[in-house]
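Convention: sequence-line order gives letters A, B, ...; per-chain numbering from 1. Below, all heavy atoms of this structure are taken into account, side chains as well, without hydrogens, waters or symmetry copies. From a predicted model like this one, the values you see are computed outputs, not experimental measurements.
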Amino acid sequence: MIIRPEQHWFLRLFDWHGSVLSKIVFRLLLNLMMSIIAIISYQWYEQLGIHLTVAPFSLLGIAIAIFLGFRNSAGYNRFVEARNLWGTVLIAQRTLVRQLKNILPAESAAHQRLVSYLVAFSWSLKHQLRKTDPSADLARLLPAQSVAEILASSMPTNRILLLAGDELGRLRAEGKIGDVTFSLMDNKLDELGHALGGCERLASTPVPFAYTLILQRTVYLFCTLLPFALVGDLHYMTPFVSVFISYTFLSWDSLAEELEDPFGTAANDLPLNAMCNTIERNLLDMTGQHPLPEKLAPDRHYNLT
Amino acid sequence: MIIRPEQHWFLRLFDWHGSVLSKIVFRLLLNLMMSIIAIISYQWYEQLGIHLTVAPFSLLGIAIAIFLGFRNSAGYNRFVEARNLWGTVLIAQRTLVRQLKNILPAESAAHQRLVSYLVAFSWSLKHQLRKTDPSADLARLLPAQSVAEILASSMPTNRILLLAGDELGRLRAEGKIGDVTFSLMDNKLDELGHALGGCERLASTPVPFAYTLILQRTVYLFCTLLPFALVGDLHYMTPFVSVFISYTFLSWDSLAEELEDPFGTAANDLPLNAMCNTIERNLLDMTGQHPLPEKLAPDRHYNLT
Amino acid sequence: MIIRPEQHWFLRLFDWHGSVLSKIVFRLLLNLMMSIIAIISYQWYEQLGIHLTVAPFSLLGIAIAIFLGFRNSAGYNRFVEARNLWGTVLIAQRTLVRQLKNILPAESAAHQRLVSYLVAFSWSLKHQLRKTDPSADLARLLPAQSVAEILASSMPTNRILLLAGDELGRLRAEGKIGDVTFSLMDNKLDELGHALGGCERLASTPVPFAYTLILQRTVYLFCTLLPFALVGDLHYMTPFVSVFISYTFLSWDSLAEELEDPFGTAANDLPLNAMCNTIERNLLDMTGQHPLPEKLAPDRHYNLT
Amino acid sequence: MIIRPEQHWFLRLFDWHGSVLSKIVFRLLLNLMMSIIAIISYQWYEQLGIHLTVAPFSLLGIAIAIFLGFRNSAGYNRFVEARNLWGTVLIAQRTLVRQLKNILPAESAAHQRLVSYLVAFSWSLKHQLRKTDPSADLARLLPAQSVAEILASSMPTNRILLLAGDELGRLRAEGKIGDVTFSLMDNKLDELGHALGGCERLASTPVPFAYTLILQRTVYLFCTLLPFALVGDLHYMTPFVSVFISYTFLSWDSLAEELEDPFGTAANDLPLNAMCNTIERNLLDMTGQHPLPEKLAPDRHYNLT
Amino acid sequence: MIIRPEQHWFLRLFDWHGSVLSKIVFRLLLNLMMSIIAIISYQWYEQLGIHLTVAPFSLLGIAIAIFLGFRNSAGYNRFVEARNLWGTVLIAQRTLVRQLKNILPAESAAHQRLVSYLVAFSWSLKHQLRKTDPSADLARLLPAQSVAEILASSMPTNRILLLAGDELGRLRAEGKIGDVTFSLMDNKLDELGHALGGCERLASTPVPFAYTLILQRTVYLFCTLLPFALVGDLHYMTPFVSVFISYTFLSWDSLAEELEDPFGTAANDLPLNAMCNTIERNLLDMTGQHPLPEKLAPDRHYNLT
């Protein structure tokens, strides 16, 4: 995710990183070429009775804009939901650690064991969503035996939740917490289970493929034909206006597609590494395990992954 | 549901499976025919004072696009809600199994009985929503006596929930869990009851039929008349532009109708088989019942049912 | 609510029942008449300097379409909320019966008494929302003394909830259930109270009347003037195009108004009778009280009330 | 809030009360005057090279309609949320009284004390939101000592909640209810606290002022210039069409503003008096305190305050 | 946030503070300059075959308006969510104090200690969101030792929650409250944790930067080119209409950006100081700690920070 320092509105216009421009620049060049073809061949095909006007393209363009608006909402809502789910992970984990400290202030070994599982949960979730290997992070955080059990399972992140619950179950079996306080903390594990399931859902169920397909077909064809509709009115200004209109439509389409799957490392995706880092720093701070790991910072293109 | 491997944007334009193109191709051909009729008969009916222009069709087309946008939201929201409900099934079941293991780590027979009921619940829900016969799946998962009781009921899936609750009630009656821990797990059955009721609601209450009717009438009539409005301006380009505009409107209308009922096996429906399979693999893994069933994969048209 | 068997898209276009066509046919005829007047008087009033063009009507038509889109959302959301509330009634009642059976499997007299109250609750709610007389249904389900108490109250449905709670209170006072399990079931009564209050809210608070008023005024005036704006361009095609555009706008306006109050018996209202019947069948089946009442089916116009 | 008896669609068009017409009639007359000025001065300023056409106003009008649609949603959502919050007040209070009766059926003095506090809570909330004096209503419902304490506080409605909670705390201290049943009822007070806080939030945080400002400026300027853009095409029909378009835009703007603050006594505001009356009638009926106060009815303009 | 006294609609049009006018006035002057250049150079570049018409700008303008509408929703929703989160802080804190008073009416020292932590929580949250120094407010409210501990932590606001929970944990350890009543109050701390996490999420995750970028680029370019498209039709009226249209688009874009980050002190941001003041006044009033601090009032530009 691009985290920009404040910037003058004029400079922003020439920003390259962080926008989707790099993804669509080839298609814009194609459109430019089409415009030039339209200018050159205009008089020739006009004589053949082939003729395009702005009016039907106006109708079509507005219809496509309405549908693009819908798809942007769908994509953006997925982005927001993914962010909320990760927010829930942080909130539920902080609350769980707070409860354990408030109820059993003296059991600092239990605090630390639970914190290890919680931090491992968030890193493991990140690795699961980005399809990367969690073993290094797990080995850093958990005893070897737990790591082995987790990696042997076909759903590692879910297994970590089970093990964290076993910790609470042990405290209950030892009589250190009663049923009511156990329930209180179990609810937080339940929230983590919801966040896990929600992230899995977003990752495994994209926006129906037909939306992508229909919009891309209509947007591309629209942009390709546009120069031929504009050339009659605009002559030499055709390339300029045509590329401008195409930029508007193609960039929205491209951005919607990028936001639909917010767990990657692209410019508009969620900074999962930074979030895991925040979680780790928060939980260690709450249980007094210093020094805290360094806070992650954006790279030189202001991209935080 | 179509699950595509990453694909170049250019190749996507020629994708056939997964789009709704197959459903509307006949109507597009009809539109093509109309365009040709419009070109041929143009001069003749123009003399009769019959005359259509783009302007009123522009107004009409944008109004229809706004209404289509509304209906797509309604359809897509049903799709998303259905997906969320199935997500809840997975989450609530995993949490319930986790709780049972955390609270009663040693009672593995009870674990396995509960898991059987939960897995049977999800397969039975799938069969109920797709109106298929659940008996084979039930026989595979549950003892014959339970199967008989379930199939004798007029609401089999709901009956499975009742039986799963009886398991918990038995543990409580035997004093193995107290009222508070019973409540904790009963809440998960309650979540499953909400998911069941929500799915039944989506299946039994379509989007009001009049929306479908009004939109289809106006979209079809609009597409049919469109060539006659365009031909005065576009002459030989009429078929091309008319089919393009018709494709945009008809495909959105068709997709909205497909998403409205997301429990089928069409290209944009939910992969209920794969979800049941995931649930079964998760719960068996959590209770150590190996080997897990094979993971379901999309067919060769990338369709996961 | 119209529940249609699958139908070919072509036949649908001529469907009469289930659409709002019957409600607006008179206004469409009026529009047709206006179109004819426009054609006849066109040359005459044109000479007087009275002149209408499509352009301002295009602006106005799109603005009205945007506002109609907003009102359709408002109306449709009320329809969906009403359906969700009735879904909650079914879900909460099934869960409550399940809990009672799981906790007290042997107390079948208590099961049946509670089921009677719950079924009576849903029928009474239906009668309240449709302003019909509940006494026959109550007499069928409850002992005469309870019926008398319920009908004496000025809020019968709410009173049934109070009596159902008294049943649970009695079980608690007799020591058959503890405070925790009482709470568990009390929560379900609370859900029913929310559903009751929600339905009352929808019934007593319509969409602000000014929305209806402003939209109807602008839609009707727009449709009435439209022929005079179209006639200059379209001549003899005016009636056709004008009625088509009017149909689009009037049908959306009419449907939005119908959906706003979803508790009636019109083609797009909720099938409350069928829902009460489903609830009754579910709860009787769960407590083994056979035979179940017959399942309600749509009438010959596919209308389920 | 206007509660209309069923009315023929034709008569509705001439309804004066209940619409926002009275608020914008002056601005419509202004627009009429502008139209006449436009007709008179048309030929004169046309010679000066001052020239306005419909096309840019069409673009502008549609953009404004889209923004008006957004603001209407924002305003309407506040109206709906306010109504939901008041619905919650009724629901939570009924549930609380039901719980107290189910748990302690014999303590009718406690029932009545609690009902007094709850009824006072809703009247006090109404007075707080409408900035009127609550003392008469409080004196009618509560003992003088409580009234004095409430009025001495700077947040009277919140103080009533505190006193209602003291009642429950007293029952708990006397051992009549246990911790679990106390919690059950405390949850309902918590719901009331949420409703109170929600209403305060709506009342103290309007829609950002800049929305109102930008929309009114653009709408008014648009309507003022519109006649000059139309007069070239429409000549003598300018006043008619211009006033019609202005009516559409001004009435939506005006209605959005009215709905934004739904706690007043205007035609489209919530009938808080009637709601408090309903709450009082419900709670008294539940605890058998007859006779109930008279049900409030709309005034002769169908306005329920 | 601008809190205006009631004002005549006519006067509002000339309001300067509170609108976003000050932010865009430079860009409007730029647009004015462009319009003048367009008028002057019109005949010259027209001869070169450079030619712009309104039609493609109409299509583009409406598409941009649709996307602006989407972004306004996104920005406004963040504003509303932020307001709701702060509403939750007030509500949860009032409820927690009420519960403590209802359950332990005599422990006024505990009441005051808890109130101090809660009030400090809200001021600390404000300072965190506005990146200002909390130490003065903390020192005013809490004992020096707690202040030192809080400021030593890298997440001060979260640490305050931990300390408030320790208070409750101490009451539980002393046997003054049982597990159930502890849970009841712990839930309120959990709500505060959600509000804290939610505010952090809003502050750390802006609307994807690409939205801002794409919209600003298209809006600015659109406004810059607009005069050249209008000048052919409007001649001397070009500057007026062009600035008007630009004002509409630029002000919506600017407002959306302002609302996206609602925690600042600009005209349309949330009045966090006033909210903290309200919270402090409420909690002190509930625990009888008089005199209350003065209520904050808007400054002379009606701005409440």
Side-chain angles (χ1 to χ4, degrees), chain B residues 27 48-53 55-60 62-64 66-67 69-70 73-74 77 153-155 158-159 161-162 165-166 168-169 172-173 178-180 182-183 186-187 189-190 193-194 196-198 200-201 204-214 216-218 220-222 225, chain C residues 1-4 9 12-13 15 18-20 54-55 57-58 61-62 65-66 68-69 72-73 76 79 83-84 87-88 90-91 94-95 98-99 101-103 105 178-181 183-184 230 233-237 241 244-245 247-249 251-252 255 258-259 267-268 270 281-282 285-286 292:
Chain B
R27 281 164 261 178
L48 298 176
I50 296 168
H51 186 68
L52 286 172
T53 55
F57 279 78
S58 198
L59 153 61
L60 192 54
I62 295 171
I64 290 176
I66 291 168
F67 299 150
F70 162 72
S73 291
N77 287 347
S153 158
S154 55
M155 296 86 191
N158 186 42
R159 174 63 54 139
L161 214 54
L162 188 59
D166 280 339
L168 297 182
R172 179 179 163 277
D179 276 4
V180 171
F182 173 81
S183 297
D186 186 85
N187 283 340
L189 294 185
D190 187 15
H194 269 93
L196 167 61
E200 287 174 348
R201 169 171 53 76
S204 71
T205 310
V207 170
F209 187 58
Y211 278 121
T212 311
L213 217 55
I214 295 172
Q216 291 198 343
R217 272 179 191 153
T218 45
Y220 292 174
L221 195 51
F222 175 77
L225 293 177
Chain C
M1 158 156 284
I2 296 292
I3 303 288
R4 270 225 169 285
W9 63 264
R12 273 193 194 163
L13 303 183
D15 192 293
S19 83
V20 293
V54 177
F57 279 78
S58 197
I62 294 172
I66 290 168
L68 262 178
N72 257 282
S73 290
Y76 179 66
F79 172 85
R83 181 61 187 84
N84 285 352
T88 301
L90 171 62
I91 292 167
R94 285 202 302 213
T95 299
R98 180 184 59 69
Q99 288 169 332
K101 282 202 69 175
N102 293 160
I103 293 168
D179 276 5
V180 172
T181 40
S183 296
L184 209 55
L230 295 175
D233 277 13
L234 302 183
H235 305 290
Y236 296 131
M237 289 304 278
V241 174
F244 181 17
I245 295 179
Y247 170 71
T248 308
F249 281 84
S251 60
W252 279 87
L255 182 51
E258 192 172 321
L259 289 178
N268 294 295
L270 289 173
R281 282 169 49 85
N282 268 269
D285 179 84
M286 287 178 80
L292 306 182

Roughly how far, to the nearest 0.5 Å, is CE of B/M155 from CG of B/L196? 10.5 Å
Could I get the full list of side-chain hydrogen bond (donor to acceptor under 3.5 Å, both in side chains) partners for C/T88, not counting sequence neighbours? none
Nearest heavy-atom neighbours spanning B/G198 and C/I91: N-CD1, 4.0 Å
With a 4.5 angstrom heavy-atom cut-off, which part of B/I62 approaches chain C: side chain, backbone, both or neither? side chain
Looking at every heavy atom in both C/S251 and C/T248, which two are closest together, and how far apart are they? OG-O, 3.2 Å
Looking at B/I64, B/L168, B/L161, which makes the most heavy-atom pairs under 4.5 Å with chain C? B/L161
Measure the spacing between CZ of C/F79 and CE of C/M1 and express it to the nearest 0.5 Å. 3.5 Å
Spacing of CD belonging to C/Q99 relative to CZ belonging to B/F182, to within rounding of 0.5 Å: 7.0 Å
Engaged part of C/S58 at the chain B interface, taking heavy atoms whose separation is under 4.5 Å: both
Does B/T218 use its side chain to pair, donor to acceptor, with the backbone of B/I214 at less than 3.5 Å? yes
Side chain from CB out, backbone as N, CA, C, O: work out which of these in C/R83 comes under 4.5 Å of a heavy atom of chain B, or both, or neither. both
Heavy-atom distances under 4.5 Å only: say whether C/M286 touches chain B with side chain, backbone, both or neither. both
By a 4.5 Å heavy-atom criterion (distance strictly below it), what part of B/N77 contacts chain C: side chain, backbone, both, or neither? neither
Only one of B/D190, B/D166, B/D186 clears side chain to side chain donor-acceptor pair (under 3.5 Å) with C/R98; which? B/D186
Please work out which of the three classes, parallel, tilted or perpendicular, describes the rings of C/W252 and B/Y211, given edges at 30° and 60°. tilted
With a 4.5 angstrom heavy-atom cut-off, could you sort out which part of B/L60 is near chain C: side chain, backbone, both or neither? side chain
Could you look at B/S204 and say if it's the side chain, the backbone, both or neither that has a heavy atom under 4.5 Å from chain C? both
Which atoms of B/R172 are under 4.5 Å from chain C, going by heavy atoms: the side chain, the backbone, both sets, or neither? side chain
Heaviest contributor of heavy-atom pairs below 4.5 Å to chain C, chosen from B/S183, B/A63, B/A55, is B/S183
Segment of C/I103 engaging chain B (4.5 angstrom heavy-atom cut-off): both
Give, as side chain, backbone, both or neither, the part of C/L255 having an atom under 4.5 angstrom from any heavy atom of chain B. side chain
Of the listed B/S153, B/G69, B/G169, B/G178, the one with the largest count of heavy-atom pairs under 4.5 Å with chain C is B/S153
Can you tell me which portion of C/F57 sits under 4.5 Å from chain B's heavy atoms? Options are side chain, backbone, both or neither. backbone
B/F70 versus chain C, heavy atoms under 4.5 Å apart: side chain, backbone, both or neither? side chain
Could you grab the distance from atom CG of C/L234 to atom CG of B/L52, nearest 0.5 Å is fine? 6.0 Å
Region of B/L225 in contact with chain C, defined by heavy-atom distances below 4.5 Å: side chain
Please look at B/N158 and chain C and tell me whether the side chain, the backbone, both or neither of the residue comes under 4.5 angstrom of a heavy atom of that chain. side chain
If you tally heavy-atom pairs under 4.5 Å against chain B, which of C/V180, C/T95, C/V54 wins? C/V180
Heavy-atom pair with the smallest gap, counting every atom of B/L59 and C/G61: CD1-CA, 3.6 Å
Under 4.5 Å to a heavy atom of chain B? For C/N84 that would be both
Given C/L259, C/L230, C/L90, the one with more heavy-atom pairs under 4.5 angstrom with chain B than any other is C/L259
Work out which heavy atom in B/A74 is nearest to a heavy atom in C/Y76; give both atom names and the distance. CB-CE2, 3.7 Å
Work out which heavy atom in C/L292 is nearest to a heavy atom in B/S154; give both atom names and the distance. CD1-OG, 3.4 Å
Under 4.5 Å from any heavy atom of chain C, what part of B/I66 do you find: side chain, backbone, both or neither? side chain
